[in-house]
Amino acid sequence: MGPMSRVQGDTWTWRVQWVQPTADGRSPDYSNPVDVTGFDAKLQVRRDPTQNAVLSLTSDPAAGLTIDPTQGVFDVRAEFAQTGTIPPGTYQWELEIDNGADRLTLVTQPLVVKPQVTV
């Protein structure tokens, strides 16, 4: 998976869906989502793991992440006021879910923040 890119100061939206693999294990089976009922989610964007998060979103309390649990879907929304303060550069974003008993990292991916041109 290559880096995702977004523009500083835009509203950022994207969707993550957790699904089972196909029977041969080679690709995702979008007709077979993982049920994540009872899980909360947290997403953070950091320059590197040792630095403070430049963006932090949660599902509980509702702050940028919504979950459709039976479909294994996590919808991400960062408002332009939040993304406008993120300096251009390369970051990592990570989506973690937790139900109190289990904690799982679903996605870790590079994120390139491009400078805003129109102000």
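In what follows, every heavy atom counts, from backbone to side chain, and hydrogens, waters and symmetry copies are set aside. All of these numbers come straight from a predicted model, not from anything done at the bench.
When every heavy atom of A78 is checked against every heavy atom of T83, the shortest pair comes out as CB-CG2, 3.8 Å. Taking each heavy atom of V7 and P115 in turn, the nearest pair found is CG1-O, 4.0 Å. Taking each heavy atom of Y30 and P33 in turn, the nearest pair found is O-CD, 4.2 Å. Of all the heavy atoms in A81 and T85, the pair that sits closest is O-CG2, 3.8 Å. Of all non-hydrogen atoms in P3 and V112, the two that sit nearest each other are CB-CG2, 4.1 Å. Of all heavy-atom pairs between Q116 and Q8, the closest is CB-O, 3.1 Å.
Follow the hydrophobic side-chain contacts under 4.5 Å out from V73 and you never reach L43; the two are in separate clusters. V45 and F80 are assigned to two separate hydrophobic clusters, defined by single-linkage of ILVMFWY side chains at heavy-atom distances under 4.5 Å.
Atom CH2 of W18 is separated from atom CG of N32 by 12.0 Å, given to the nearest 0.5 angstrom. Distance check: K42 NZ to D60 CG gives 12.0 Å after rounding to the nearest 0.5 Å. The distance from the CG atom of L55 to the CD atom of E79 is 10.5 Å, given to the nearest 0.5 Å.
Looking at heavy atoms from C-beta onward, E94 lies out of side-chain contact with Q44 at the 4.5 angstrom threshold. Two residues are said to be in side-chain contact when any heavy atoms from C-beta on lie closer than 4.5 Å; N99 and F39 meet this criterion. Under the 4.5 Å side-chain criterion, counting only non-hydrogen atoms from C-beta, L111 is in contact with R6. No side-chain heavy atom of K114 sits less than 4.5 Å from a side-chain heavy atom of P88. Side-chain contact between Q92 and P49 is absent, with no heavy-atom pair separated by less than 4.5 Å. Side-chain contact between Q82 and L57: present, with at least one pair of heavy atoms (C-beta onward) separated by less than 4.5 Å. Counting heavy atoms from C-beta outward, F74 and L106 have side chains that approach closer than 4.5 Å. Contact check for D75 versus T13: no side-chain heavy atoms found under the 4.5 Å cut-off.
For the side-chain contact (heavy atoms from CB on, under 4.5 Å) test with I97, the passing option among V16, L65, L104 is L104; the others fail.
Shown here is D48, whose CG atom has more than 12 heavy atoms of other residues, nucleotides or ligands within 6.0 Å.
In this structure, Q20 contributes its side chain and D29 its backbone to no donor-acceptor pair below 3.5 Å. Judged purely by atom type and a 3.5 angstrom limit, T37 has no side-chain atom pairing as donor or acceptor with the backbone of P69. Counting only distance, with no hydrogens or angles, the side chain of S59 and the backbone of A62 share no donor-acceptor pair below 3.5 Å.
A ring-centre distance under 6.0 Å is not found for W12 and W93.
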- Any chance you could lay out the side-chain contact (heavy atoms from CB on, under 4.5 Å) test for V36 and I67, step after step, and finish with the verdict? CA-CA 8 Å; V36 293; I67 303 173; 3.8 Å; yes
- Evaluate the criterion side-chain contact (heavy atoms from CB on, under 4.5 Å) for residue pair V54 and R46; output intermediate values, then yes/no. CA-CA 6 Å; V54 295; R46 297 175 186 264; over 6 Å; no
